[in-house]
Structure formats: C-alpha cells, structure tokens
Amino acid sequence: MDYDSDSDGSHISATPPRDPLPRRPPQPPPKPPTSYKSTASTKRSSHLDIIFKLKKPSSSKHDKIEPVPEPEPIQQPDLPSPVGNFPFQIRRPSDQPHPISIGRSLETLPAGFFSTRRASFSKICKPSLNFEPETSPEITAEPKINGSDGLGSTKTCNKKLPNLIRGDAPLPPVKLQKRSEEGNFVRLNFNGYKRKFTAKGKKMNSYSYKSKYFKRSKRRVKSEVDTGSLCDEEGLVSEIKLQSKAEKPSRCESVEAAISAVRSAVSEENLVRLLKAIYGYDLFRDGQLEAIKMILAGKSTMLVLPTGAGKSLCYQIPAVVLPGITLVVSPLVALMIDQLKQLPPMIQGGLLSSSQGPEEAAETLRMVQEGSIKVLFVSPERFLNADFLSIFSTPNSTPNFVSLVVVDEAHCVSEWSHNFRPSYMRLGASLLRAKLNVECILAMTATATTTTLQSIMSALEISSTNLIQKAQVRDNLWLSVSLSSNRMKDMLKLMKSSPFLEAQSIIVYCKFQSMYSSQAISNFYLHWILQSETDVISRYLCDNNISAKSYHSGMLARDRSRIQELFCANKIRVVVATVAFGMGLDKRDVGAVIHYSLPESLEEYVQEIGRGGRDGRLSYCHLFFDDVTYYKLRSLMHSDGVDEFAVNKFLCQVFADDTSSHSKVCSLVKELASRKFDMKEEVMLTLLTHLELGETQYLHLLPQLNVTCTLNFHKTSPMLLADKDTAVAAILKKSEIKQGQYVFNIPTVANSIGVAPGDLSNHLQNLKAKGEITYELKDPAYCYKIVKVPSDFCSLTELLTRWLLDIENCKVWKLDAMYSSAVFAVDTCEKTHDCNVAQQTTYLQERISDYFRGDNNLDVLDKMGQNSPFLRADIKVFLQSNSNVKFTPRAIARIMHGIGSPAYPSSIWSRTHFWGRYIQIDFKAVMNAAKAELMNFVGKDAP
Ligand SMILES: Nc1ncnc2c1ncn2[C@@H]1O[C@H](COP(=O)(O)OP(=O)(O)OP(=O)(O)O)[C@@H](O)[C@H]1O
C-alpha cells in the first residue's frame with residue numbers, strides 16, 4: 001500500500017517515494033568547534049551491554065503490523081487566510097495614534113476566572129545533597145492554632161486546621177482497604193472516603209520502618225485520620241496528623257515557645273528547636289538554615305536546591321515566624337494543592353485557583369482578610385486581578401498584610417529557562433512592591449542555568465550576594481545512556497536485567513503523547529497512528545510480563561489520579577508517562593527512571609531523574625536516545641516561532657480598536673486570532689504581556705473572559721425590560737439576532753454604557769436569577785485596555801520579533817546541548833576500556849554541571865543538514881499543487897518538518913506527501929528555500 005498517496009497532485013514530487021526509514025540527508029560540512037568526535041551517531045549498536053549485565057529478553061509480540069486504512073483524499077482546507085497581505089511587507093495600522101488617557105479601573109471579575117494551563121513541568125533536582133539520616137520525630141501532641149498571625153497564643157490549641165482543600169482536590173474516591181492489608185501506610189480521607197496505602201515488598205524506606213514514632217502512629221491510626229499527601233506515606237506531615245488528642249497541648253506549647261524564641265533571636269539553636277517542634281527533624285539540610293536566616297533578616301533570596309532537597313521548609317518556617325501572610329506563587333493548580341496538603345497542620349493554608357467556584361474563592365478571601373490564613377497559594381494570573389491585589393495593599397498593621405512573597409519554580413520568570421511562562425513576567429519586584437507593599441521575596445527553583453538565574457534575580461531585584469545554590473544532581477542517582485535503534489526492545493532488555501529487574505518502582509518517561517507523527521518516520525510504526533506513545537509502550541511491557549500503566553495528559557484527571565495513587569501505594573510497579581507525571585510527586589522509593597525519549601533540555605532531564613531516589617537510596621536512571629527522536633524534537637522547537645509580518649499584523653489588530661477612549665476594554669478572541677495570525681495562544685499572551693510589562697507600557701492586561709454572549713428573554717418582553725434597564729437597552733442595540741437569540745460581545749456592550757465587563761456579567765447573573773433571561777457565554781478572549789498606541793509600529797515589530805527569535809534559538813540550543821551530552825557520554829564511554837555505569841555517571845554529571853554553570857566552552861553538536869538536492873523542487877511542486885492557499889516561508893517549513901500550527905493544522909496538512917519529509921534539514925534552511933520558491937512563484941503569477 002502506498003500510504004503516502006495524495007489526491008492533491010502533490011505526489012508529483014522531485015523525490016522518490018519515502019523509504020520505510022528516513023534517509024539521512026547529505027551531511028553538512030563538518031562543524032568546527034567540537035572538541036570530541038561523535039561516533040554515537042554512526043554506530044548503531046546498543047551500548048547497553050557494556051553498561052549493564054543483561055538477562056535474556058523474551059520475544060516481543062508487538063512486531064505485527066496491522067493494515068492501515070487508505071487516507072481520505074485531501075480536501076482543500078477552508079483555511080482563513082493567515083496572511084492577508086503576502087509575507088514580505090510590514091504595514092502600519094491605518095488608525096492614527098490617539099492621545100493617551102488613563103482608563104478607569106473596570107476589572108471587577110469574580111475570583112477564580114482564570115484558566116491555568118497545563119504545562120510541561122515538574123520539580124527539579126540538583127547536586128551533592130547532604131541527606132542526613134532522618135530521625136524519628138518525637139511529637140507528642142497535635143499542633144494547635146492561634147491568634148491573628150496564625151500562631152498567637154490567644155486561641156485554643158485544639159482548633160482543627162482544614163488547610164482549605166475543597167472539592168477540587170484531584171483525587172477520586174477509593175474503596176476502603178481491609179485493615180489486615182495495612183503495612184507502611186497513611187490513611188487519607190478525600191471526598192469522604194478513607195483509604196490506606198499498603199507498601200508491599202522489602203524495599204521500603206528504612207527510616208519508616210526503623211522509626212519508633214512510626215510504629216506508635218501505626219497503632220493510633222484507627223482513631224484519627226486527616227488528609228495527607230498522596231505520596232507521603234513515610235512523611236512526617238502525615239504522622240503529625242496522627243497524634244492523639246491527649247498529646248496536643250504540650251506539642252502546641254512547644255511550637256509556640258520555639259516561635260517566640262526565634263522571634264526574639266534568630267539563632268541556629270532557636271531555629272533547630274523550631275524545626276524539631278514543627279517537623280520533628282533534628283537537622284537542617286544543606287542550604288535550608290542559610291535561606292531561612294536570610295529571609296528572616298528581610299533579605300530577598302534566590303534559592304537553588306535540587307528536587308526533594310526540602311525547599312518548602314525554607315518558606316514554611318519564616319511563614320510561622322513572620323507576622324503577616326506568606327503568598328506562594330505556583331504555576332500549576334496541581335502543585336498548589338500538593339503543597340497545601342503537605343503543610344504541617346499548625347500552618348493554616350489556603351489557595352485561590354481557577355478551578356474554584358466563586359463561593360469557595362470568596363470564603364478563602366474572607367479568611368485572608370481576617371488574618372486566619374498564614375500561607376496562601378496563588379497562580380501568577382491572579383496578579384491580573386485588581387480586586388485581589390487591593391486586599392493586600394493595606395498598611396502593615398492589618399492582619400492581611402504580606403510579609404513574604406515566594407516565587408516557586410522561579411525559572412518560569414526567565415525566557416531563557418526551559419519553561420518560560422509569560423504570566424510570571426508579572427511578578428517583577430517593582431510590581432510586587434508597588435501592589436503588595438512587600439519587601440522580601442524568596443525565589444526558588446531546582447534547575448536554572450547561570451543566564452536564567454541572572455534574569456530571575458534581575459527581575460525580582462535579588463542581590464547576587466543573596467544567592468544560595470547547591471549542586472544539580474544528587475549523588476545517589478546513577479546515570480547511564482545508550483544510543484538505540486530499537487528502543488522498545490532495548491528497553492525491555494534493560495528492564496529484564498539487573499539492577500532494573502530488582503527496582504520496585506520505575507518511571508518510564510516518553511515524549512510524545514501521540515504516535516501520530518511516527519508514520520512520517522517509519523512504516524514500522526504505522527499501526528500506532530493516533531495512539532498515545534505511553535499506551536503503546538505500556539502495552540508492550542505488559543505483553544512481556546512487566547506490569548505497567550500508561551499516564552498522559554490526554555487521560556481523564558480521575559484516571560490519572562488513580563494511577564498516581566496506585567503507583568504511590570506500590571500497587572503498580574511501572575508507570576509509562578509523559579512529562580505530566582511527576583509534578584509534585586513525592587514518592588520516596590522510586591528505584592529507576594528510564595527515559596524512553598530524549599528530554600528537550602538538560603533542565604528537563606535533571607528534573608525527571610530527580611523523581612528517583614528521594615529516600616537517599618541508589619536509583620538508576622537510563623536514557624535512550626536516537627536520531628529520529630532528536631530530529632522530531634528539533635522540529636518541535638520551532639513550533640512557537642513567528643515572523644515579523646505576523647507580529648506586525650498582530651500589533652495592528654491589538655491597537656486597531658483604539659478609537660477615542662483609553663478606558664475602553666478591548667478583546668481578542670483567542671481561537672480566532674490564533675488562526676488569523678498563525679500564532680499559538682501562548683505566544684500571543686507572551687506578546688501582550690511584553691506590551692504591558694516591557695520598557696514602555698502600551699496596554700494593561702485584564703483577566704481573560706468569555707466574550708460572546710447568546711441570550712434569551714423569558715418573563716418580560718425585551719422592549720419592556722429595556723425601558724427599565726439600561727444594560728438590556730444596550731444589549732438590544734448591540735446584538736445580532738440569530739434564530740431568535742440575542743448574540744453580542746460583552747466588552748462592546750459594557751463599553752457602550754461605561755461599565756466594566758465584569759459588572760455587566762454580574763448584572764446578567766442577577767437577571768438570570770430573577771428568571772428574566774438565560775444566556776450562554778463562549779469565546780475565551782484576552783482583554784486589555786490601551787494605555788499608549790506605539791508611535792513606530794515597525795521598530796516595535798522588529799524588537800518583538802527579535803526577542804521571540806532569541807527565545808526560539810535558545811530552545812534549539814538547549815535540545816542540542818541535551819543531545820550532545822548524551823552523545824558525549826556514549827562516545828567517551830566507548831573509548832574507555834571496560835566502561836561501566838559509574839563512569840557514565842561521572843561523564844554526564846560533568847556535562848550537567850558545565851551546562852548549569854553556563855560554561856561557554858560547552859561543545860554542542862548541530863547535526864542538522866543544511867541542504868538537500870530535492871528541497872527546492874519539492875517546495876515548488878507543493879506550491880503548485882496548493883496554488884489556492886496562501887503560505888509563508890515559515891508555514892511551508894513547518895509542513896516540511898511535520899509540525900502543525902493554528903492556521904495549518906496537522907489534521908489537514910499531515911495528509912500531504914511532503915509532511916515531515918525534511919525534518920533532517922535545518923528549519924531555517926528550509927525556510928530560506930521556501931522563501932526563494934515563494935518569490936519565484938509570486939513572480940510568475942505577477943502580471
Ligand atoms: N531538614 C530536613 N530533614 C529531613 N527531612 C526533610 C528536611 N527538610 C525537608 N525534608 C523532607 O524532604 C521532603 C522533600 O521536601 P520538599 O517537598 O520541600 O522538597 P522540594 O525541594 O520542594 O522538592 P520538589 O522540588 O520535588 O518539590 C519532604 O518530605 C520534607 O518533609
């Protein structure tokens with residue numbers, strides 16, 4: 001079967017039909033500055049055998065290739081013209097700049113309106129840890145809670161601290177286990193169900209079993225159970241919650257006494273006493289004491305500690321000592337919930353998240369204002385909400401003033417990190433100081449290069465003397481790597497051999513959620529099209545007698561939680577997951593982490609291997625890499641890129657709506673704009689945020705809204721209601737009537753009567769409550785007010801495009817650095833007689849520390865081809881066969897690289913013969929070839 005057959009004429013190609021395996025492009029001239037010669041890319045044998053002693057693998061049942069249905073003939077897509085005017089010119093907007101005026105503050109949206117994106121995140125890990133032996137906590141009483149600062153002496157010790165986790169805790173009900181199954185456990189109680197986790201096997205954490213305290217708490221568990229962290233079955237937090245009532249007062253008193261002592265003198269002795277009183281730990285870990293002292297001295301601090309090193313404690317202790325509230329900014333709701341659950345019970349915590357209902361959010365805010373919350377977790381998007389900020393712009397005498405702002409995952413602040421989030425740009429020190437009146441900021445991360453650190457510290461105005469940084473990778477992680485031309489089989493071999501065979505809990509990380517693009521790479525994978533890679537691999541492992549479960553972000557949240565729980569309870573041995581797995585995961589006994597796919601950066605790699613060996617025991621981390629995955633990832637690094645003319649058109653639209661009033665709320669419907677400018681939503685948000693927070697403030701972003709309203713009248717006739725209600729009158733004026741329903745844009749109607757869109761929404765809710773109307777809202781949109789119209793659109797366009805291009809190049813460089821490190825380890829090992837895991841660990845550790853140190857001499861391979869004899873001819877054929885569609889060079893390069901974009905989605909364009917055909921040729925080279933061919937094409941058509 002000719003899978004690649006098209007019906008659009010594009011099969012008339014300069015290149016012969018695709019081979020089952022991609023042909024290597026003509027090699028570019030050798031790159032000069034590599035201090036070692038890579039043999040990894042040419043040698044196809046697995047290196048596993050020299051690293052680990054292998055057992056004989058069982059045969060795979062998976063080699064069967066199922067027939068693939070013939071693809072439907074390609075329909076010429078009904079695409080919006082992504083480029084109204086052809087790419088090579090930059091237009092100024094037709095509107096003239098308007099005088100600046102300051103708009104009224106209209107933003108009164110209900111809390112919880114924001115959406116939090118799911119991002120590829122988790123926490124990271126760094127170097128030489130001092131994992132001191134954990135001692136049994138001698139806790140004698142359940143902590144109590146207190147006065148207006150959360151720990152004062154006026155209130156009773158027995159008050160229960162719920163740590164406001166509501167119905168949004170992402171945990172499904174679980175059936176009660178039989179008592180007899182209890183082993184090393186903590187019982188959780190979510191959604192009204194109690195559960196126990198049983199840890200089977202011999203490899204349980206030695207601390208837990210040795211701990212006298214643990215044995216005592218086992219006996220007590222029947223009487224009292226509270227919530228606990230999903231994977232903290234050996235953690236102290238849960239143990240604290242198991243205290244008997246009789247023990248409460250002394251415990252509470254000792255905490256209060258320890259706090260008073262620290263308040264009067266911030267000495268090491270007093271802090272260790274407080275550590276012991278709250279957590280039961282005898283010693284601070286590396287970096288903790290230094291950080292806590294610095295924060296208590298009021299100094300903003302940059303803290304870089306590895307994953308699992310105990311960063312949370314560095315803000316929790318100051319939170320109980322300082323008088324006001326500690327605001328913790330976290331990028332993901334899942335992380336916030338996890339951190340909230342892990343707060344010791346004497347620290348009253350709360351969270352504000354987009355998944356909460358308005359009542360829940362209002363209740364949390366009420367508690368904040370009362371001063372009964374000590375630690376509040378919020379998303380960075382919350383800082384868009386003026387109502388939220390106003391709560392904290394109070395004098396320091398009120399109970400709800402902010403003593404400390406903690407920026408967790410602080411690398412998200414920097415565009416040079418592996419995980420930049422535009423909303424984190426909002427957390428600049430000047431804004432935090434102006435809006436929250438806060439002096440002390442703690443930035444925490446586990447992975448940041450020197451460049452990233454510099455940019456975080458400059459944004460948050462943290463002095464270079466206040467940097468606390470420890471090593472990147474823990475010593476208990478054994479790192480190995482191998483080049484593999486058959487990763488599935490090699491992985492099976494690995495897992496059936498020692499020491500992976502003995503590992504109790506294993507995480508296998510995959511990169512791609514769907515096997516879709518595999519069809520472009522090898523016919524062998526054709527039958528996996530549109531299946532999750534994690535599903536395919538977990539099934540393959542199960543078929544080969546290794547019990548494994550798949551986990552990816554496309555699954556229902558309930559199913560994901562269930563898998564995480566079972567894994568934490570040691571009921572699943574292997575989880576095959578995408579990066580979505582592991583965020584906030586605190587399972588201590590993960591014995592092995594296998595990378596089935598190359599990570600996108602060393603940051604991601606370090607973060608993912610950091611899930612292993614959190615109990616301080618040896619954990620084995622193996623990385624498989626291959627050229628095909630590298631090429632695929634290299635293409636993906638270009639998926640956020642945009643061109644100058646697209647940025648210019650975007651700016652024209654953003655400022656087009658500015659007529660006369662700067663108090664007007666403008667909106668940009670995300671999906672429509674994304675297709676129109678062929679820009680991902682995240683990229684548009686990055687640009688808008690830059691327009692607000694860059695050197696010149698051009699606009700003021702407001703919380704996102706669903707802007708299109710479809711409304712029906714019920715009780716009173718529309719005209720009669722309009723006589724009494726100005727909002728209804730405006731709706732009638734500004735609506736289109738479609739099938740008897742009134743359809744209008746919320747900001748347009750709000751602007752016409754001079755109210756905020758949020759106020760109009762509230763008004764609609766009231767009318768609905770009275771039975772007058774029903775309505776539906778749709779079309780999520782970015783909302784903003786224009787502060788200043790740029791005077792020179794061309795310069796601004798150029799500036800923004802260059803900035804985005806630098807970010808794109810940085811991502812590519814990070815991937816190349818990851819790939820080069822893997823090649824380096826394999827090559828160096830190959831040259832070494834009797835190379836073993838210990839040596840590979842050393843090679844990889846060296847590369848990792850060079851990378852994070854920002855060593856400019858780091859050799860980075862770029863193995864992309866620079867040209868192909870068929871490229872220009874293929875582009876020409878492609879253009880001829882799609883002559884009715886407008887393209888940009890970037891759009892063509894994306895198609896040739898097999899990357900979908902909002903205006904050229906893969907669902908349509910992957911059916912073309914050329915989809916992904918040139919992934920081995922550098923993206924920019926393909927773009928240049930496309931540009932030249934487009935010029936020819938346009939020239940020919942010109943009259
Ligand atoms: N001084 C200490 N002694 C013993 N255990 C500690 C100490 N400090 C923290 N821990 C424990 O270490 C574990 C990891 O801590 P924490 O979650 O704060 O790490 P982290 O650095 O935030 O890691 P991640 O980046 O994965 O979130 C927790 O179970 C915590 O209770």
Side-chain angles (χ1 to χ4, degrees), residues 121-127 129-137 139 186 205 207-208 211 213 228-241 268 271-292 303-317 319 328 330-332 334-345 347 375 377 406-411 419 442-448 468-474 568 581-590 593 603 606-616:
F121 251 94
S122 46
K123 303 193 171 181
I124 322 304
C125 172
K126 202 166 150 173
L129 305 187
N130 282 346
F131 282 100
E132 297 94 347
E134 291 163 343
T135 50
S136 307
I139 299 161
V186 141
N205 176 284
Y207 158 65
S208 308
S211 160
Y213 175 76
S229 162
L230 193 58
C231 275
D232 71 348
E233 60 266 70
E234 294 143 350
L236 184 62
V237 172
S238 306
E239 294 176 2
I240 290 173
K241 291 173 181 169
E268 180 170 347
L271 283 169
V272 171
R273 192 173 141 205
L274 184 55
L275 174 78
K276 180 90 179 164
I278 298 180
Y279 303 90
Y281 301 143
D282 289 323
L283 289 168
F284 281 107
R285 283 179 178 168
D286 205 11
Q288 286 181 328
L289 184 65
E290 208 183 330
I292 292 167
L303 180 64
V304 191
L305 294 182
T307 308
K311 290 184 286 297
S312 319
L313 195 142
C314 300
Y315 69 78
Q316 289 170 1
I317 288 190
V328 182
S330 205
L332 293 172
L335 277 182
M336 287 187 225
I337 293 172
D338 199 72
Q339 286 170 332
L340 182 60
K341 282 190 281 180
Q342 288 173 21
L343 278 182
I347 304 178
V375 177
F377 296 93
V406 181
V407 181
D408 196 11
E409 308 292 356
H411 52 265
N419 218 330
L442 166 65
M444 306 194 307
T445 180
T447 46
I468 300 167
Q469 185 174 21
K470 304 294 163 193
Q472 301 289 337
V473 180
R474 280 185 261 123
C568 288
F581 188 69
M583 293 168 207
L585 182 76
D586 193 22
K587 180 166 169 60
R588 297 167 65 90
D589 60 353
V590 174
V593 177
E603 283 97 326
V606 164
Q607 173 186 323
E608 287 168 356
I609 57 176
R611 295 290 141 213
R614 287 163 79 94
D615 53 5

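Indexing begins at 1, ligand by ligand and atom by atom, following the structure's order. No experiment lies behind these values; they were computed from the predicted model shown.
The side-chain contact (heavy atoms from CB on, under 4.5 Å) check on Ala410 picks up Met302, Val407, Ala443, Ile456, with sequence neighbours excluded. Among residues two or more places apart in sequence or in another chain, the salt bridge (Lys or Arg N to Asp or Glu O under 4.0 Å) test is passed with Glu290 by Lys470.
To the nearest 0.5 Å, atom OH of residue Tyr315 and atom CG of residue Asp408 are 6.5 Å apart. Rounded to the nearest 0.5 angstrom, Leu313 CG and Leu275 CG are separated by 6.0 Å. Of the inter-residue distances, the one linking Gln607 atom CD with Asn419 atom CG reads 7.5 Å to the nearest 0.5 angstrom. Once rounded to the nearest 0.5 Å, the distance linking CD of Gln339 with OG of Ser330 reads 4.5 Å.
Of the N or O atoms in Gly310, one or more lie within a sub-3.5 Å distance of an N or O in ligand 1. At least one N/O-N/O distance between Leu283 and ligand 1 falls below 3.5 Å.
Residue Gln288 touches ligand 1 through its side chain alone, judged by heavy-atom distances below 4.0 Å. Contacts with ligand 1 closer than 4.0 Å are made by backbone heavy atoms (N, CA, C, O) of Pro306 only, the side chain lying farther away.
Proximity of Glu409 to ligand 1 is not established, as no heavy-atom distance is less than 4.0 Å. The closest approach between any non-hydrogen atom of Gln339 and ligand 1 is not below 4.0 Å. Residue Ala446 places every heavy atom at 4.0 Å or more from ligand 1.
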Quiz prompt | Stepwise side chain to side chain contact (heavy atoms under 4.5 Å, CB included) check, Glu409 with His411 | solution = CA-CA 5 Å; Glu409 308 292 356; His411 52 265; 3.0 Å; yes

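Of all atoms in ligand 1, listed by their number and element, those nearer than 4.0 Å to a heavy atom of Lys311 are 18 (O), 19 (O), 20 (P), 21 (O), 22 (O), 23 (O), 25 (O). Near Leu313, with a cut-off below 4.0 Å to any heavy atom, the atoms of ligand 1 are 8 (N), 9 (C). Atoms of ligand 1 lying under 4.0 Å from any heavy atom of Arg614, numbered from 1 in the order shown and given with element: 23 (O), 24 (P), 26 (O). Heavy-atom contacts of Arg611 reach the following atoms of ligand 1: 26 (O) (cutoff under 4.0 Å). Those atoms of ligand 1 that come under 4.0 Å of a heavy atom in Ser312, given as number and element, are 16 (P), 17 (O), 18 (O), 22 (O).
Arg285 places none of its side-chain heavy atoms less than 4.5 Å from the side chain of Leu305.
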